[in-house]
A.B. asks: 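Okay, handing you the structure first.
Values below: all heavy atoms of this structure, side chains included; hydrogens, waters and symmetry mates excluded. When a ligand or atom number is given, it counts from 1 through the structure's own listing order.
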Amino acid sequence: MQGKFITLEGIDGAGKSTHLAWLAEFFAEHGVKAVVTREPGGTSLGEKLRALLLDKDQPMHLETEALLMFAARREHLDKVILPALTRGNWVLCDRFTDATFAYQGSGRGVDWARLLTLEQWVQGTLQPDLTLLFDLAPEEGRRRAGSIKTPDRFEQERDDFFGRVRDGYLQRAREDSKRIRVIDAGASIELIRRELREIMEPLCQ
Ligand code: TMP
């Protein structure tokens, strides 16, 4: 049986990492074998590309940034995601292609049509089975991330950048509302966990 591919998305500070750790435990409790991974990264080459992409002292053209995201993704699909799904494992991935549309497309201004071409090239018709979009106002994201001492190349961006990123995510959610579930990341952790349980329990049957 083919495993399920689940991705988590949201602006920086939306609490993805906390929810991802909780979901990994939830899966383990339900006897679901899940590979937990992230983008950019997840492979040895991908992690090297991630270091370049997040380095605030490494300027790059906006399209270079988009191409490197997809290069890391190509490797990730080949080495980690597709083998795991084929084995029947689930894949729980911290960010995937929706992030490129939101950050490089809406945030930086790369033409969405170009990103659609790259998406088609790198992943064909493959899409996550489910995407959880943790939606949060940029000001709240910044407040939560406020304690980060040395912000990376993305974290150092201003609220207007994250406002565009948020809009990009919501646009993707409107375009693929069956796949992308929008979760109010400003709600209490108890409420969010209840919602996650309601979404996940039927999938784990
Ligand atoms: P993380 O902090 O959630 O691990 O993600 C690293 C950063 O990379 C985050 O600021 C968002 C950014 N990113 C993009 O800009 N485009 C992408 O396609 C991905 C996967 C991440």
A.B. asks: Got the closest protein heavy atom to atom 2 (O) of ligand 1, with its distance?
C.D. replies: Asp12 OD2, 3.9 Å
A.B. asks: Return the CD to CD1 distance between Glu39 and Ile81, rounded to the nearest 0.5 Å.
C.D. replies: 5.0 Å
A.B. asks: Could Arg197 and Phe26 be counted as a cation-pi pair, given that NZ or CZ must be under 6.0 Å from the ring centre and within 45° of the axis?
C.D. replies: no
A.B. asks: Under 4.0 Å from a heavy atom of Pro40: give me the atoms of ligand 1 that qualify, with their elements.
C.D. replies: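 Checking each atom against Pro40, I get 8 (O), 19 (C), 20 (C), 21 (C).
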A.B. asks: Which of the numbered atoms in ligand 1 are under 4.0 angstrom from any heavy atom belonging to Phe154?
C.D. replies: 7 (C), 8 (O), 10 (O), 12 (C), 15 (O)
A.B. asks: To the nearest 0.1 Å, how far is atom 4 (O) of ligand 1 from its closest protein heavy atom, and which atom is that?
C.D. replies: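 Answer, as residue, atom name and distance: Arg50 NH2, 2.8 Å.
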A.B. asks: Kindly compute the distance separating OG1 (Thr131) from CZ (Phe96), expressed to the nearest 0.5 Å.
C.D. replies: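 Reported to 0.5 Å precision, the distance equals 9.0 Å.
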A.B. asks: Partners of Tyr169 by ring pair (Phe, Tyr, Trp, His ring centres under 6.0 Å), sequence neighbours excluded?
C.D. replies: none
A.B. asks: Please classify the Ala102 to ligand 1 contact at 4.0 Å (heavy-atom distances, strictly less than): side chain, backbone, both or neither.
C.D. replies: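 The answer is neither; Ala102 stays 4.0 Å or more away.
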A.B. asks: Can you pull out the closest protein heavy atom to atom 16 (N) of ligand 1? Residue, atom name and distance to 0.1 Å, please.
C.D. replies: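 For this ligand atom, the closest protein heavy atom is Gln104 OE1, 2.8 Å.
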A.B. asks: List the atom of Phe134, the atom of Ile192, and the distance in Å for their closest heavy-atom pair.
C.D. replies: CE2-CG2, 4.1 Å
A.B. asks: Within ligand 1, which atoms have a heavy atom of Glu39 less than 4.0 Å away?
C.D. replies: 20 (C)
A.B. asks: Please name the residue in the list Asp98, Asp167, Asp135 that meets the salt bridge (Lys or Arg N to Asp or Glu O under 4.0 Å) test with Arg172.
C.D. replies: Asp98
A.B. asks: Is a side-chain donor-acceptor pair under 3.5 Å present for Gln123 with Thr97?
C.D. replies: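 The answer is yes; a qualifying pair exists.
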A.B. asks: Please check if the side chain of Thr86 supplies one atom and the backbone of Leu82 the other of a donor-acceptor pair under 3.5 Å.
C.D. replies: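 Checked: pair present.
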A.B. asks: Measure the distance from atom 7 (C) of ligand 1 to every protein heavy atom, then report the residue, atom name and distance (to 0.1 Å) of the closest one.
C.D. replies: Leu54 CD2, 3.7 Å
A.B. asks: Heavy-atom contacts with Lys16 under 4.0 Å: which atoms of ligand 1 show up? List them by number with element.
C.D. replies: 3 (O)
A.B. asks: Considering only NZ, NE, NH1 and NH2 on the basic side and carboxylate oxygens on the acidic side, decide whether Glu9 and Arg181 come within less than 4.0 Å.
C.D. replies: no
A.B. asks: So which protein heavy atom does atom 17 (C) of ligand 1 come closest to, and at what separation?
C.D. replies: Met69 SD, 3.3 Å
A.B. asks: Please state which protein non-hydrogen atom is closest to atom 1 (P) of ligand 1 and give its distance, to 0.1 Å?
C.D. replies: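 In this structure, atom 1 (P) of ligand 1 has Arg95 NE, 3.6 Å as its nearest protein heavy atom.
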A.B. asks: What protein heavy atom is closest to atom 18 (O) of ligand 1, reported as residue, atom name and distance in Å?
C.D. replies: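 Answer for atom 18 (O) of ligand 1: Thr100 OG1, 2.6 Å.
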A.B. asks: Applying a heavy-atom cut-off of 4.0 Å, say which part of Arg73 lies close to ligand 1: side chain, backbone, both or neither.
C.D. replies: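 The answer is the side chain of Arg73.
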